[in-house]
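Contents: one structure, followed by commentary.
Just so it is clear, the structure is predicted and the values come from calculations on it, not from any experiment. Numbering starts at 1 and runs along the sequence shown. Worth knowing before you read on, the calculation uses all heavy atoms, side chains too, and leaves out hydrogens, waters and symmetry mates.
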Amino acid sequence: EGRYVGFLPESVVGAALEDREAVPLVVAGELMRRDVPLVSSDQDLLSTFDQFVQLDVARLPVGLDAGDGRVIGMITRSGVMRRYQHAIEE
């Protein structure tokens, strides 16, 4: 259907790859975090940063409308922090 159902963080993939014998048996859907929501493209940076902290992820998927379920990009924790830093310096 092309709709967002979950997120596969790099840390989870890295941990799964540590056991080389198990790699052929790893299924992405079993590693996926379904508790990571889609961030709306019009969501403010403070609430987005709060999500990064609560979920302990480095990236979040972004959609035009969070209820639509289509991913249009990714936002990074470091990018939000840089943007926030620029905003408080102005």
Side-chain angles (χ1 to χ4, degrees):
E1 288 183 32
R3 303 285 183 236
Y4 175 77
V5 294
F7 185 66
L8 192 56
E10 289 177 42
S11 58
V12 173
V13 174
L17 294 176
E18 286 179 6
D19 184 357
R20 293 180 187 263
E21 294 173 3
V23 170
L25 305 174
V26 174
V27 176
E30 293 174 359
L31 300 176
M32 181 173 49
R33 287 188 54 183
R34 295 180 190 274
D35 65 325
V36 177
L38 193 61
V39 173
S40 177
S41 62
D42 62 354
Q43 183 171 315
D44 66 89
L45 290 179
L46 183 57
S47 62
T48 302
F49 185 73
D50 285 344
Q51 283 185 291
F52 279 115
V53 172
Q54 291 172 1
L55 298 166
D56 192 29
V57 292
R59 292 177 177 78
L60 287 169
V62 178
L64 286 176
D65 175 4
D68 178 55
R70 288 184 289 173
V71 177
I72 60 166
M74 299 291 282
I75 188 168
T76 63
R77 180 188 291 217
S78 60
V80 170
M81 290 173 60
R82 272 194 308 277
R83 184 67 179 123
Y84 182 73
Q85 182 65 33
H86 284 108
I88 61 174
E89 289 175 355
E90 294 178 353

Mind checking what makes side chain to side chain contact (heavy atoms under 4.5 Å, CB included) contact with Leu31, not counting sequence neighbours? Leu8, Val12, Ala16, Val26
What residues form a salt bridge (Lys or Arg N to Asp or Glu O under 4.0 Å) with Arg82, not counting sequence neighbours? none
Taking only residues two or more places apart in sequence, or in another chain, which ones meet Glu21 in a side chain to side chain donor-acceptor pair (under 3.5 Å)? none
Going by the rule side chain to side chain contact (heavy atoms under 4.5 Å, CB included), which residues pair with Val5 if we only count those two or more places apart in sequence or in a different chain? Met32, Arg34
Donor-acceptor pairs under 3.5 Å, side chain of residues 43-58 to any protein atom, not counting sequence neighbours: which ones?
| residue | atom | partner | partner atom | Å |
| --- | --- | --- | --- | --- |
| Gln43 | NE2 | Ser47 | OG | 3.4 |
| Gln43 | NE2 | Thr48 | OG1 | 3.1 |
| Gln43 | NE2 | Gln51 | OE1 | 2.7 |
| Asp44 | OD1 | Leu46 | N | 3.2 |
| Asp44 | OD1 | Ser47 | N | 2.9 |
| Asp44 | OD1 | Ser47 | OG | 3.4 |
| Asp44 | OD2 | Ser47 | OG | 3.1 |
| Ser47 | OG | Asp44 | O | 3.1 |
| Thr48 | OG1 | Asp44 | O | 2.9 |

Side chain to side chain contact (heavy atoms under 4.5 Å, CB included) with Leu60: of Leu38, Val80, Val39, only one passes, and it is Val39
Within the supplied structure, the quantity of interest is the number of heavy atoms (other residues, nucleotides, ligands) at a distance under 6.0 Å from Arg83 CZ; does it exceed 12? no
Ignoring hydrogens, what is the shortest heavy-atom contact between Ile72 and Ser41? Give both atom names and the distance. CD1-CB, 4.3 Å
Residue list, side chain to side chain donor-acceptor pair (under 3.5 Å) with Glu30, at least two apart or on another chain: none
Starting from Ile88, walk the hydrophobic network (Ile, Leu, Val, Met, Phe, Trp, Tyr; side-chain heavy atoms closer than 4.5 Å) and list everyone else you reach, by chain and number. Tyr84
What are the two closest heavy atoms between Met74 and Pro61, and how far apart are they? SD-CA, 3.5 Å
Going by side-chain hydrogen bond (donor to acceptor under 3.5 Å, both in side chains), name the pairs with one or both residues in residues 4-16, residues two or more places apart or in two chains. Glu10-Arg59
